[in-house]
Amino acid sequence: MSSSLPVSDSLDPQVLESAAGLVHRSAAAPVLIVGEEGFYQARVAQLLVCGFLCLSPNEGTACGECRACKSLEHETCPDILRVAPEGAGGRIRLQQIVPVQNSSESSSGLPPIRSFLQAPPVIGRRKVVLMERVERLTPDSANALLRMIEEPPTHARFVMWTTQLSQMLPTVRSRCLLLPCRIVAPEEADDAWHLSGGSPELAEKLRAAPELREALNGFLEAVAAAKWREGLRLTDELGEIVSAVADAGLADAKNQRACQGALLQLLANGLMARAREGDSRALELAEAALRAHRLVDGNVRFEYAMDAMFLSGLRSSRALR
Ligand SMILES: [Zn+2]
């Protein structure tokens, strides 16, 4: 983990200023970084972690030279603990927060937070707990965490991030300092930006995947040209684009549903961009695509969800004639 991470121009500079301001704070309330998927929460969290650990941060920015910064760079720093969802259910489990007797050890092999925080820092200015996707805490682990963040050791700092603030336990949320990640839209938005739904990280990935963009744009063109009646054939075409989504690194290739969901989200984003240009049918189709996304998430077969989407699209295009 480097202390000099590049952060995209699209991140609002005020976010970085606020983060830098937090580094010199003496109070230990956890910092909770929030924003939509792909809004650089993880990178902002890393900047904060570096600032907290650095022995001589300059205006909130890690120096990059001290022992703490060097150990972070070489990933040997003993004063940071990363806590992320684990296991089949993808949850942050109780044994990651506090020692639990007779339970299987955390699958990462890392100590629970309470044990990690017991001793003072070895190299860094602080000891830092970095918690990723903190909405994935189980109720038990959230309650255990709550007790810990109410009276943390003075050397402890918590940096957390989430893309789903609404799913967090309000008691945990209310004890955190919120740092929202805001994005400045580019002056000239390209198709990758439109397809990303305004997520700069996703837009970056799409720019590096011309084949996927071409396939998606081709599909959107076919829809715009009122070839919606061919929907059932288009279902097959979309099925082929699913693998391009995995190739572009937008979802885990082994998780077919995640790939299908990501594809539907891209389609909905592309349709929404057309709707903003005044295409009222595109808006209805975007809604149909989001409904299909929910169906796929709810374990309905992809082909069925697609057919349902095309049929509702067909109805709406008839209604407009
Ligand atoms: Zn430093």
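Start at 1 and go down the list; that is how both ligands and their atoms are numbered.
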Check the pair Ser199 / Ser196 against side-chain hydrogen bond (donor to acceptor under 3.5 Å, both in side chains), numbers first and verdict last.
CA-CA 5 Å; Ser199 155; Ser196 76; 5.3 Å; no
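For Arg213, the salt bridge (charged side-chain N to carboxylate O under 4.0 Å, His left out) partners are Asp191, not counting sequence neighbours. Annotation: salt bridge (charged side-chain N to carboxylate O under 4.0 Å, His left out) contacts of Arg133 (sequence neighbours excluded): Glu37.
Gln41 places a side-chain N or O within donor-acceptor distance of the main-chain N or O of Gly35, the cut-off being under 3.5 Å.
Hydrophobic clustering, with ILVMFWY side chains joined whenever heavy atoms are under 4.5 angstrom apart, keeps Val49 apart from Ile123.
As a member of the Ile/Leu/Val/Met/Phe/Trp/Tyr network built from side-chain separations under 4.5 Å, Leu55 groups with nothing else and remains a singleton.
Under 2.8 Å from the Zn ion (ligand 1), one finds the following protein N/O/S atoms: Cys54 SG, Cys63 SG, Cys66 SG, Cys69 SG.
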